[in-house]
> 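Take this structure, written in structure tokens, and hold onto it; I'll ask about it next.
These numbers come from the heavy atoms of this one structure, side chains and all, not from hydrogens, waters or symmetry mates. Everything numeric here is computed off the predicted structure, so don't read it as measured data. The chains referred to below are lettered A, B, ... by the order of the sequence lines, with proteins before strands, and numbering in each begins at 1.
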Amino acid sequence: MSLPLGALSMDVSELLSRGVAEVIVESELRTRLQSGTPLRLKQGFDPTKPDMHIGHAVGLRKLRAFQELGHQVVLIVGDWTAQIGDPSGRDETRTRLSAAEVRANAETYMEQFFRVVDRQRTEVRWQSEWFGQFTLEHALDLAGRFTLAQMLSHETFRKRYETGAPLTILELMYPMLQAYDSVAIKADVEFGGTDQKFNILAGRELMAQLGMTPQQVFLVPLIPGTDGRKMSKTFNNTVDIRMPPAEMYGRIMSMSDEVLPLYFEVLTDVPMVEVHEMKMAMAAGQVNPRDLKMRLAREIVAQFHDQAAAAAAEAAFVRQFVERELPEDIPNFAIKAPAGIVEVLVAAGLAPSKSEARRLIDGGGVRVDGERVEGYTLTLNPGANVVVQVGRRKFVRVV
RNA sequence: GGGUCGGUACCGAAGUGGCCAAACGGGGCGGUCUGUAAAAUCGCUGGCUUACGCCUUCGCAGGUUCGAAUCCUGCCCGGCCCA
């Protein structure tokens with residue numbers, strides 16, 4: 001019994017196109033996939049900032065898909081490159097980390113990584129296995145294989161150089177080390193976000209120089225955050241893999257309508273035909289984007305938690321934001337003596353300072369049992385059992 | 001090593017002796033609206049004070065002055081040019 005050829009090639013097509021930014025060289029990778037030999041898929045990470053968001057999951061889902069076709073993931077812990085910090089897309093030099101921090105971060109990272117990727121089909125390698133043995137001679141040899149012009153063809157480096165921002169030689173070493181990793185583990189394909197193109201290509205370059213078959217480059221798109229800008233911790237527009245279900249659900253609901261179809265494409269298995277239908281329906285105003293967003297939120301929460309958690313998160317969302325009722329879990333805040341509303345807001349963590357608390361009251365953002373608070377004179381008594389609310393999302397029950 | 005330019009609040013960026021808690025933009029937060037924690041729109045955005053007001057902040061440390069983010073000296077950090 002043989003597989004229908006049509007179905008198989010469809011699979012590969014989708015594998016190489018859906019949620020993919022660029023494959024270099026696509027025809028070669030296609031051939032190697034069809035050869036039936038298991039490929040070594042390199043994915044590196046620097047244990048610097050271990051919090052992963054769903055943007056990272058786009059690539060992890062791809063790794064998983066390859067694994068399901070029988071390929072082997074090689075996860076590289078960049079314990080050396082972490083000391084430099086990836087300069088890609090960076091305007092400034094990063095601060096360096098201690099060995100202990102690196103170890104702890106690596107743990108945290110892997111805990112998240114293996115929520116998507118199959119641990120059984122993953123080989124974990126630390127850079128120190130090879131860089132720990134490196135001598136100055138090796139380092140000089142490596143440095144001698146790349147030119148300054150090559151490095152400055154990288155937009156990040158060039159921009160920093162041209163605008164006069166600081167740029168250290170150490171940072172120029174980063175792509176070289178990453179390239180050498182590919183040599184060390186004999187990578188067939190290296191995965192990364194589009195911001196990794198330069199670094200991964202450096203690996204191709206180096207492998208070719210050393211007479212090896214150059215690795216294929218598999219780039220996944222960097223997805224926009226909930227506000228449409230680049231997803232990044234600094235913009236606070238991420239949906240983190242470790243977020244509890246309700247928060248994850250809420251963050252997805254808060255995203256801009258325009259990014260919906262893309263999220264469906266890269267983060268769910270909803271058939272592409274359906275995704276296109278959604279796009280059309282939205283453009284034609286035939287569907288409330290909110291409903292699509294709810295479906296997306298359910299799909300994603302279920303992926304990182306489970307169906308039940310997703311359903312519960314949805315129910316809580318509907319209750320709080322659609323029906324505008326109080327959320328179910330309102331933390332209690334006990335006071336021992338009568339206290340003014342301003343003090344309570346600060347003590348309960350609803351406002352960072354008394355000045356801010358007063359501003360919130362002035363702006364009409366503070367409610368006690370649903371009644372808007374006017375002025376700063378309101379006093380709450382112990383055992384009052386009232387709900388103090390700031391904005392639509394922060395609640396505390398004062399007891 | 002020499003010359004020169006620069007370091008301002010969460011970020012970017014004005015301000016170059018008093019009118020500066022410091023323009024403007026972004027972000028954040030809040031209000032309104034809304035079928036969404038979308039969009040739109042309005043407001044707020046150092047701390048303490050019911051309030052008058054007071055206190056701390058413009059790389060760091062001193063100094064000049066009635067008064068300094070603004071002037072002077074030293075130091076630290078970065079860019080560029082020259083070597």
Side-chain angles (χ1 to χ4, degrees), chain A residues 90-95 157-169 171 224-239 243-264 278-279 281-283 285-298 300-301 313-327 339-343 345-347 349-368 370-379 388-395:
Chain A
R90 271 279 158 168
D91 301 334
E92 46 189 72
T93 309
R94 294 185 178 185
T95 44
F157 290 142
R158 189 176 59 243
K159 215 175 85 197
R160 279 173 56 182
Y161 182 67
E162 283 171 357
T163 61
L167 174 62
T168 65
I169 304 292
E171 288 172 283
T226 51
D227 58 0
R229 292 185 296 166
K230 175 185 164 210
M231 185 175 277
S232 161
K233 188 138 243 156
T234 30
F235 296 146
N236 187 32
N237 62 359
T238 61
V239 179
M243 274 177 183
E247 192 182 352
M248 192 180 259
Y249 191 97
R251 301 283 291 214
I252 294 164
M253 290 307 289
S254 79
M255 78 185 183
S256 302
D257 294 348
E258 311 82 71
V259 298
L260 254 170
L262 177 65
Y263 271 51
F264 268 107
M278 283 180 200
K279 215 186 285 188
M282 264 173 76
Q286 295 164 340
V287 63
N288 178 1
R290 184 198 61 174
D291 297 331
L292 296 180
K293 230 182 266 181
M294 288 173 90
R295 174 171 174 196
L296 177 69
R298 240 182 291 132
I300 293 180
V301 173
E314 180 161 296
F317 180 86
V318 168
R319 182 188 167 84
Q320 186 173 350
F321 297 105
V322 180
E323 289 162 8
R324 288 176 190 282
E325 287 174 26
L326 293 177
I341 181 68
V342 171
E343 282 75 38
L345 288 172
V346 175
L350 298 180
S353 70
K354 290 185 183 176
S355 297
E356 178 66 16
R358 291 194 185 94
R359 275 187 226 110
L360 286 167
I361 292 171
D362 290 342
V366 178
R367 289 166 198 271
V368 170
E371 293 286 315
R372 181 173 292 183
V373 173
E374 307 282 351
Y376 317 137
T377 50
L378 179 67
T379 300
V388 177
Q389 171 181 2
V390 171
R392 275 179 290 178
R393 292 152 66 181
K394 281 176 278 187
F395 299 85

> Considering only atom P, compute the distance from B:C44 to B:G26 and round it to an integer number of Å.
15 Å
> With a 3.5 angstrom cut-off on both distances, give the Watson-Crick or G-U wobble partner of B:U4, or none if there isn't one.
B:G79
> Whole angstroms only, please: what is the CD1-P distance between A:I252 and B:U36?
18 Å
> Looking only at atom P, what distance separates B:C60 and B:A9, rounded to whole Å?
10 Å
> When you check the phosphate oxygens OP1 and OP2 of B:G30, does a side-chain N or O of A:R392 lie under 4.0 Å from one of them?
no
> For B:G18, which nucleotide in any strand shown is its Watson-Crick or wobble partner with both distances under 3.5 Å?
B:C66
> Looking at A:T377, I'd like to know whether one of its side-chain N or O atoms comes within less than 4.0 Å of OP1 or OP2 on B:U50.
no
> Using the P atom in both, what is the distance from B:C58 to B:C10, to the nearest Å?
12 Å
> Say we look at B:A23 and B:A38: how far apart would their C1' atoms be, to the nearest angstrom?
32 Å
> Compare all side-chain heavy atoms of A:M278 with those of A:L260 and state whether any distance is below 4.5 angstrom.
no
> Between B:A37 atom C1' and A:M255 atom CE, what is the distance in whole Å?
12 Å
> Hey, does A:F264 have a side-chain heavy atom less than 4.5 Å from the side chain of A:K279?
no
> Record whether the side chain of A:R290 comes under 3.5 Å of the base of B:A38 through a donor-acceptor pair of N or O atoms.
no
> Reckon A:S353 has a side-chain N or O less than 4.0 Å from the OP1 or OP2 of B:G47?
yes
> Tell which nucleotide pairs with B:U56, taking only Watson-Crick or G-U wobble pairs whose two distances are both under 3.5 angstrom.
none
> How about A:M255 and A:V239: do any of their side-chain heavy atoms sit closer than 4.5 Å?
no
> How long is the line joining CE of A:M243 and C1' of B:A37, in whole Å?
12 Å
> Could you work out the separation of B:G15 and B:U57 based on their C1' atoms and round it to a whole Å?
16 Å
> Would you mind classifying the nucleic acid contact of A:R359 as base, sugar-phosphate or nothing, using non-hydrogen atoms under 4.0 angstrom?
sugar-phosphate
> Rounded to whole angstroms, how far apart are NZ on A:K354 and C1' on B:A51?
15 Å
> What does A:S256 touch in the nucleic acid at a heavy-atom separation under 4.0 angstrom: a base, only the sugar-phosphate, or nothing?
sugar-phosphate
> Considering only the C1' atoms, how many Å lie between B:G59 and B:C76, rounded to the nearest integer?
8 Å
> Give the minimum heavy-atom separation between A:Y263 and A:P224, together with the two atoms involved.
OH-O, 2.7 Å
> For A:P352 and A:D291, take the nucleotide of RNA chain B holding the closest heavy atom to each; which residue's nucleotide lies nearer the 5' end?
A:D291
> Heavy atoms, side chains only, cut-off 4.5 Å: are A:L360 and A:L345 in contact?
no
> Of all the choices, B:U36, B:G30, B:A38, which nucleotide is nearest to the side chain of A:V390 once you look at every atom?
B:G30
> Roughly how many Å apart are B:C71 and B:G7, using the P atom of each and rounding to a whole number?
11 Å
> Looking only at side-chain atoms of A:R358, point me to the closest of B:A38, B:U49, B:A37.
B:U49
> When the P atoms of B:G30 and B:A37 are considered, how many whole Å apart are they?
12 Å
> Check this one for me: any side-chain N or O of A:R393 less than 4.0 Å away from OP1 or OP2 of B:A37?
no
> Is a side-chain N or O of A:R358 found less than 3.5 angstrom from the main chain of A:V342, in a donor-acceptor match?
no
> Base, sugar-phosphate, or nothing: which does A:G364 touch, judged by heavy atoms less than 4.0 Å apart?
sugar-phosphate
> I want to confirm an ordering. Mapping A:A246 and A:R372 to their closest nucleotides on RNA chain B, which one lands closer to the 5' end?
A:R372
> Cation-pi check, A:R392 to A:F321: give yes when NZ or CZ is under 6.0 Å from the six-membered ring centre and within 45° of the ring axis, no otherwise.
no
> Rounding to a whole Å, what distance do you find between A:E356:CD and B:U49:P?
14 Å
> Between B:U50, B:G47, B:U36, which nucleotide has the shortest distance from any of its atoms to the side chain of A:S355?
B:G47
> A:M282 has an atom CE; how far is it from atom C1' of B:A39, in whole Å?
11 Å
> For A:M253 and B:A38, what is the distance between atoms CE and C1' respectively, to the nearest whole Å?
9 Å
> In whole angstrom, what separates A:Y376's OH from B:C48's C1'?
13 Å
